[in-house]
Amino acid sequence: MAENKLQNQAEEREMTAEETNEQRQIRIDKLVAMQEAGCDPYEVMTAEQTHHSVDAKAAYEEHEAKLLAGRTEPSVEGLDEQAARQVKNEDYNERRAIMDADPINVAIAGRMLFKRVMGKASFCNIQDKMGNIQVYVSRDSIGDDNYADFKKSDIGDIFAIKGYLFRTKTGEVSVHANDIHLISKSLLPLPEKFHGLKDTDTRYRQRYVDLIVNPEVKDTFIKRAKIITSVRKTLDDIGYVEVETPVLNTIAGGATARPFITHHNTLDMDMYLRIATELPLKRLIVGGMERVYEIGRIFRNEGMDPKHNPEFTTIEFYEAYTDYNGMMDRTEAIIRNAALAANGTYKVTFKGVDIDLEKPFARMTMAEAVKKYTGIDFEEFACDHEKAIALAKEKGIELEKGKETWGDILVNFYDEFVEANLEQPTFIMDYPVEVSPLTKRKPSKPYLTERFELFILGTEYGNAYTELNDPLDQMERFKHQLMLRDCGDEEANMLDDDFVRALEYGMPPTGGCGIGIDRLVMLLTNNESIRDVLLFPTMKPEGKAAKTVKKSAEATKSTLTREQALELLKKYNKDPFHIRHGLTVEAVMRWFAKELGYAEEEEFWGQVGLLHDIDFELYPEEHCQKAPELLKEGGANDELIHGVVSHGYGQCSDVEPEHEMEKVLFAADELTGLIWSYALMREGKSAEGMEVSGLKKKFKDKKFAAGCSRDVIKEGAERLGWELTDLFDKTIKAMQESEKAVNEACL
């Protein structure tokens with residue numbers, strides 16, 4: 001039968017779109033036939049479940065142990081194969097008879113993931129929320145008609161089954177079905193059964209399928225629920241009260257981040273989706289609630305990478321009459337208890353590294369940490385801005401406008417030389433006042449604040465303060481943040497007059513902390529991407545690329561030689577700058593081809609990079625639109641044309657990057673421009689010696705090389721599944737290694 005043939009094909013490989021559509025139609029035809037026969041599965045309203053799969057197996061094991069207590073396995077020593085088999089069969093039949101005399105009757109329901117039809121009897125595998133269990137279906141037990149219907153069923157169909165438990169000769173606890181009914185029809189075939197669903201884009205978009213075919217994914221989200229429950233219990237047990245605060249705000253405050261903006265129609269005013277819950281929670285401390293927390297969704301209109309999603313979950317908790325030392329104790333308890341709840345142990349493995357959460361977490365001041373890893377003691381010249389600036393220049397650290405202070409430079413040194421070295425849980429304490437606008441100053445060192453961040457494997461997991469409760473100091477800090485906003489820092493805090501007014505009524509000494517729930521779940525479930533711990537991560541809508549030159553599943557060889565490609569570039573580009581840019585991107589693309597394992601396609605990658613802006617000089621208003629015509633005339637094939645046009649997706653093209661080469665070009669094109677602009681500012685006008693930290697600062701400065709789109713670079717990193725830092729690091733290396741050759745080619 002056609003449907004069986006297609007299902008067999010699906011066991012060997014993924015179906016094509018055409019085969020999937022054909023299979024869907026076959027299943028629809030089956031459904032229509034059932035409905036016409038008066039057996040519509042969608043009319044079933046409920047299904048009885050006395051047991052789930054795991055519970056049923058456990059119940060049978062316990063029952064079997066009682067009924068067969070004292071019974072031993074028969075010896076087959078010295079018997080030939082046939083005689084041994086006969087002895088084992090007799091023993092099985094005796095055991096089976098004992099168990100069948102006092103059966104465990106069950107009613108289960110779930111999705112069929114496997115079916116093997118064997119004439120008058122069949123086996124299938126039913127999956128429910130706990131796991132799966134084998135079901136034996138025989139014509140003698142359920143009747144001819146029902147058995148005929150079952151044989152027509154498809155993988156993915158959902159059944160309600162009643163029967164009794166038994167153990168097969170192979171030892172598997174199974175259900176002997178006395179009654180089986182289809183209660184929901186699966187019209188689409190599941191992914192290839194042996195390998196599950198592996199494509200990450202499809203997994204994130206179709207999480208419902210991901211959960212069906214990849215059991216470990218469901219386990220991650222069950223653990224996530226246990227972690228959140230544990231966090232709540234840890235705080236509830238010591239007198240904290242869970243509260244809810246607004247998601248829509250008139251001021252985006254409580255964190256350094258760019259907000260999402262929406263519009264309230266009735267009030268005719270713009271509002272911000274919250275970037276933190278800090279300020280409203282501290283208002284509640286002013287109101288006398290003393291211990292409060294909120295677990296909630298936060299929204300930040302920023303980049304996406306394996307550690308960041310535009311919406312994510314945090315817990316913020318605030319406690320009156322304590323300080324940041326008290327918050328360290330609370331944070332340790334929260335994380336330790338969550339690890340035990342999720343995994344039953346305080347030891348976890350993340351990114352191949354064993355992390356011990358049972359030991360007391362290490363504690364170091366930021367200055368101590370910098371001294372440990374650089375030998376420079378910032379405390380010896382505290383608040384000496386000139387000396388700090390000189391040290392930054394000596395170490396090649398670029399400083400942002402408005403941030404040329406001792407405190408800002410201490411943080412730069414920490415970011416550059418310390419953070420990546422922190423493997424086991426470490427509290428970094430006593431941050432400079434410049435980077436902590438909501439934090440109380442350290443009485444003995446007023447240029448520092450009582451703030452800590454928790455780092456594990458170089459990643460921040462928590463941020464806490466002894467909260468600033470001096471309203472006059474708070475107002476001055478807000479004014480400093482406004483100055484930074486005037487200097488172009490879109491992430492600096494806004495002024496919240498009402499929060500200052502709340503402080504003027506008096507807030508007791510208070511400790512506060514925020515922990516990223518998603519990152520904590522990543523750590524405790526050994527998932528390296530935030531998308532793997534979010535049920536529905538933010539994704540670009542499907543169908544964005546309506547127009548395509550040609551869908552290219554993989555890169556192929558170019559129909560041009562390198563000499564022909566260069567001649568074609570120079571035919572339409574006379575400006576040395578444009579020619580250099582083409583040569584630079586070519587070199588970067590060749591580097592990436594070898595770096596990412598596409599060495600055989602290096603020439604193709606290079607030519608796409610060389611020709612990506614072929615039409616820009618003559619046709620800037622029709623960029624990407626004229627390229628296909630010029631390239632076709634020059635002898636380029638459709639694959640090369642597709643790669644060239646895809647780099648302008650979302651700006652001047654509707655052709656979406658598909659192959660890895662196209663994604664790299666999409667990300668690296670804008671970034672090479674930014675790196676080259678930065679190189680021209682440096683001594684020697686070269687990328688030689690350029691550090692990622694310096695490039696990150698230029699990236700944040702929106703006024704620098706404003707024509708290089710930060711959003712495109714961020715989206716490029718997202719499409720590749722890389723962190724921005726990784727993209728920066730690789731592209732810098734590519735340009736450094738190719739710079740000499742590009743310079744020679746431009747002579």
Side-chain angles (χ1 to χ4, degrees), residues 549-550 552 555-594 598 601-649 651-653 655 657 659 661-662 664-677 679-680 685-687 705 707-709 712 731 734-747:
V549 176
K550 179 180 179 182
S552 175
T556 60
K557 294 181 179 179
S558 173
T559 51
L560 302 173
T561 65
R562 199 271 177 177
E563 291 72 20
Q564 289 171 328
L566 182 59
E567 184 180 340
L568 197 57
L569 172 70
K570 292 182 176 180
K571 178 179 178 180
Y572 297 105
N573 291 268
K574 306 302 180 184
D575 188 330
F577 175 83
H578 292 152
I579 294 174
R580 182 186 181 91
H581 179 63
L583 291 167
T584 299
V585 177
E586 175 195 18
V588 167
M589 293 298 292
R590 288 179 182 274
W591 186 93
F592 271 109
K594 291 179 284 189
Y598 294 88
E601 299 175 7
E602 179 190 339
E603 185 61 35
F604 182 77
W605 285 50
Q607 287 189 30
V608 173
L610 183 68
L611 296 170
H612 76 285
D613 276 349
I614 187 172
D615 60 357
F616 185 76
E617 184 173 319
L618 290 181
Y619 307 100
E621 299 302 320
E622 298 178 84
H623 183 38
C624 291
Q625 308 303 313
K626 293 290 289 186
E629 175 187 332
L630 304 182
L631 291 168
K632 201 73 174 177
E633 289 177 357
N637 58 12
D638 287 343
E639 284 74 23
L640 190 145
I641 294 172
H642 188 282
V644 165
V645 176
S646 70
H647 90 277
Y649 177 66
Q651 295 181 301
C652 56
S653 167
V655 178
H659 182 264
M661 175 273 297
E662 295 168 345
V664 170
L665 177 61
F666 182 87
D669 176 32
E670 293 287 322
L671 186 54
T672 56
L674 184 69
I675 293 172
W676 180 240
S677 297
L680 293 176
K685 300 187 183 303
S686 169
C708 298
S709 172
V712 168
T731 310
M735 290 187 66
Q736 288 172 339
E737 292 183 19
S738 61
E739 187 173 75
K740 181 179 179 182
V742 171
N743 287 339
E744 291 175 353
C746 291
L747 292 177

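As the structure is a computational prediction, the values presented were derived from the model and not from experiment.
When atom types are taken as modelled, the side chain of Ser653 and the backbone of Val645 share a donor-acceptor pair closer than 3.5 angstrom. Checked by atom type and distance alone, the side chain of His612 pairs as donor or acceptor with a backbone atom of Gly609 at under 3.5 Å. Side chain of Glu601 to main chain of Ala593: no donor-acceptor pair is present (N/O by atom type, distance under 3.5 Å, no hydrogens or angles). Not one N or O on the side chain of Gln607 forms a donor-acceptor pair closer than 3.5 Å with the backbone of Ala565. Judged purely by atom type and a 3.5 angstrom limit, Glu617 uses its side chain to pair as donor or acceptor with the backbone of Lys574. In this structure, the side chain of Thr559 engages the main chain of Asn637 through a donor-acceptor pair within 3.5 Å.
Open room surrounds CD on Glu567; 12 or fewer heavy atoms of other groups in view lie less than 6.0 Å from it.
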CA sep, side-chain torsions, deciding dist, call: Val585, Leu610, side-chain contact (heavy atoms from CB on, under 4.5 Å):
CA-CA 6 Å; Val585 177; Leu610 183 68; over 6 Å; no
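Salt-bridge annotation for Asp575 and Arg580: absent, with no side-chain N of the basic residue lying under 4.0 Å from a carboxylate O of the acidic one. A salt bridge is defined here as a Lys NZ or Arg NE, NH1 or NH2 lying under 4.0 Å from an Asp or Glu carboxylate O, and Glu629 with Lys632 fails to meet this definition. Comment: Glu586 engages Arg590 in a salt bridge, judged by a side-chain N to carboxylate O separation of less than 4.0 angstrom.
Considering Ile614, Val608, Asp613, Asp615 in turn, Ile614 is the only one that fulfils the side chain to side chain contact (heavy atoms under 4.5 Å, CB included) rule with Leu611.
Classification of the His659-Tyr598 ring pair by plane angle, with boundaries at 30° and 60°, yields perpendicular.
In this structure Glu737 satisfies the side-chain hydrogen bond (donor to acceptor under 3.5 Å, both in side chains) test together with Trp591, sequence neighbours excluded. The side-chain hydrogen bond (donor to acceptor under 3.5 Å, both in side chains) search around Ser686 returns Glu739, not counting sequence neighbours.
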